[in-house]
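A short write-up of the structure that comes next.
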Number of protein chains: 2
Amino acid sequence: MPNNQFKKGELYSFVTGKASTAIARRLQKKFNTATLNLTIEQWSVLYHLWKKDGISQQELCNATFRDKPSITRLVDNLEKLKLVKRVPSKSDRRMNMVFLTPEALKLQEQTMELAEETLNEALLTVPADKIEVCKEVLQIVYDNLK
Amino acid sequence: MPNNQFKKGELYSFVTGKASTAIARRLQKKFNTATLNLTIEQWSVLYHLWKKDGISQQELCNATFRDKPSITRLVDNLEKLKLVKRVPSKSDRRMNMVFLTPEALKLQEQTMELAEETLNEALLTVPADKIEVCKEVLQIVYDNLK
DNA sequence: TTTGATTAGTTGTTTAACTAACTATATGCC
DNA sequence: GGCATATAGTTAGTTAAACAACTAATCAAA
């Protein structure tokens with residue numbers, strides 16, 4: 001009986017991701033309070049562009065763990081908000097390279113601060129070594145299923 | 001500096017809940033493969049009704065961590081699938097009590113097995129004591145933010 | 001060099017989440 | 001008893017996810 005940790009009544013939170021939902025909601029509220037007109041999903045795309053600007057939509061799919069239609073529409077909406085710009089690739093005309101606008105660069109510091117703040121609130125009272133174990137387990141779960 | 005575990009580049013998975021998303025997707029695929037015409041969100045409502053049948057929509061909101069409009073529509077769709085039935089409360093005419101149909105009772109065993117199977121796949125190779133720590137941390141995160 | 005398969009991205013449809021505004025019933029206070 | 005407030009649920013509008021079907025460009029192999 002390998003890893004049969006989940007008798008009825010315990011598996012629910014794991015499947016539904018109550019914790020990460022709570023974190024995302026809290027961060028969204030902070031964005032709204034700061035009148036940042038930005039969804040968490042849009043922020044997650046910007047997050048990867050701040051790390052590396054000018055990547056293809058396919059690379060954004062891999063980075064954000066979303067499918068192609070989701071990225072198409074997120075980039076659509078980010079373009080409407082004038083936070084990114086699609087630039088057709090010259091080497092491969094099937095590809096769009098997605099670039100940040102100056103507007104988007106301005107958002108990085110403030111939103112990252114709110115994200116760190118949110119995680120600090122979430123993990124207040126949790127000892128550092130337990131956080132490490134938790135991060136490790138979640139990474140393994142992801143690797144096991146992806 | 002309380003709990004400043006999250007230097008750039010580490011906070012992303014925590015906020016986006018990549019692990020729980022992966023679990024939910026895997027379970028949804030299992031449902032689809034078994035031609036169970038059921039979403040994970042619908043299943044999460046049935047899950048609580050299997051534990052306690054005939055509860056109000058508000059109780060379902062609390063149990064599933066969803067807001068009222070979400071539950072209204074989930075119950076709408078579950079009614080269309082003939083898996084639940086709204087029954088107006090006699091003691092308080094504002095309330096609907098939500099009851100499982102015989103159809104829905106039949107789904108319990110099979111779907112719970114698929115859910116356990118999914119979690120076993122996710123947690124394969126993770127030692128039991130680390131799973132315990134992880135569950136504990138996620139519960140604290142939830143309590144800190146709710 | 002043409003044909004067949006693969007890759008990048010878009011569009012359409014259904015389900016769900018969130019916010020705000022709304023109706024109807026119940027409760028509590030004067 | 002009557003009025004203010006709170007509670008249960010619904011409706012409307014926007015954003016997003018999953019899936020399938022599609023177009024256009026590229027690549028590979030005969």
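Letters go in sequence order (proteins before strands), and every chain restarts at 1.
- A/Asp67 has its CG atom 11 Å from the P atom of D/dA20, to the nearest Å.
- No contact: B/Ser89 has no heavy atom under 4.0 Å from any strand.
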- [ ] Kindly determine whether A/Asn120 and A/Glu116 satisfy side-chain hydrogen bond (donor to acceptor under 3.5 Å, both in side chains), including the steps that lead there.
- [x] CA-CA 6 Å; A/Asn120 287 335; A/Glu116 285 196 49; 5.3 Å; no
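- Looking at A/Asn32 and A/Gln28, their side chains do bring a donor and an acceptor atom within 3.5 Å of each other.
- For the pair A/Asn96 CG and C/dT10 C1', the interatomic distance rounds to 10 Å; values are reported in whole Å.
- For the pair A/Ile71 CD1 and C/dT11 C1', the computed distance is 16 Å after rounding to whole Å.
- Rounded to an integer number of Å, the gap from CD of A/Gln58 to P of C/dT10 is 11 Å.
- Classification of A/Arg73 and A/Asp67 as a salt-bridged pair fails, no side-chain N sitting under 4.0 Å from a carboxylate O.
- Between the CZ atom of B/Arg86 and the P atom of D/dA8 there is a distance of 15 Å, given to the nearest Å.
- Note on B/Gln57: every side-chain N or O is 4.0 Å or more away from OP1 and OP2 of D/dT7.
- Residue whose closest nucleotide on DNA chain C sits further toward the 5' end, between A/Thr72 and B/Asp92: A/Thr72.
- Of the side-chain N and O atoms in B/Arg93, one or more sit less than 4.0 angstrom from OP1 or OP2 of C/dA26.
- You won't find any donor-acceptor pair under 3.5 Å spanning the side chain of B/Arg73 and the base of D/dG9, going by distance alone.
- Remark on DNA chain C: of its neighbouring residues B/Ser70 and A/Pro69, the 5'-side contact belongs to A/Pro69, judged by nearest-heavy-atom nucleotide.
- Rounded to an integer number of Å, the gap from CZ of A/Arg25 to P of C/dT19 is 8 Å.
- Nearer to the 5' terminus of DNA chain D, by closest-nucleotide assignment, is the contact made by A/Thr39 (compared with the other of A/Thr39 and B/Gln28).
- For the pair B/Phe65 CZ and C/dC18 C1', the computed distance is 13 Å after rounding to whole Å.
- If you find the closest nucleotide of DNA chain D to A/Arg94 and to A/Lys80, the one lying nearer the 5' end belongs to A/Lys80.
- At least one side-chain heavy atom of A/Trp50 sits under 4.5 Å from a side-chain heavy atom of A/Thr111.
- Under a hydrophobic-cluster definition in which Ile, Leu, Val, Met, Phe, Trp and Tyr are linked whenever side-chain heavy atoms come within less than 4.5 Å, directly or via other members, A/Leu60 and A/Leu105 are assigned to the same cluster.
- Taking atom CG on A/Leu27 and atom P on C/dC18, their separation rounds to 13 Å, with Å as the unit.
- Distances shorter than 4.0 Å separate none of the side-chain N or O atoms of B/Asn77 from OP1 or OP2 on C/dT14.
- Of the side-chain N and O atoms in A/Asn32, none sit less than 4.0 angstrom from OP1 or OP2 of C/dC18.
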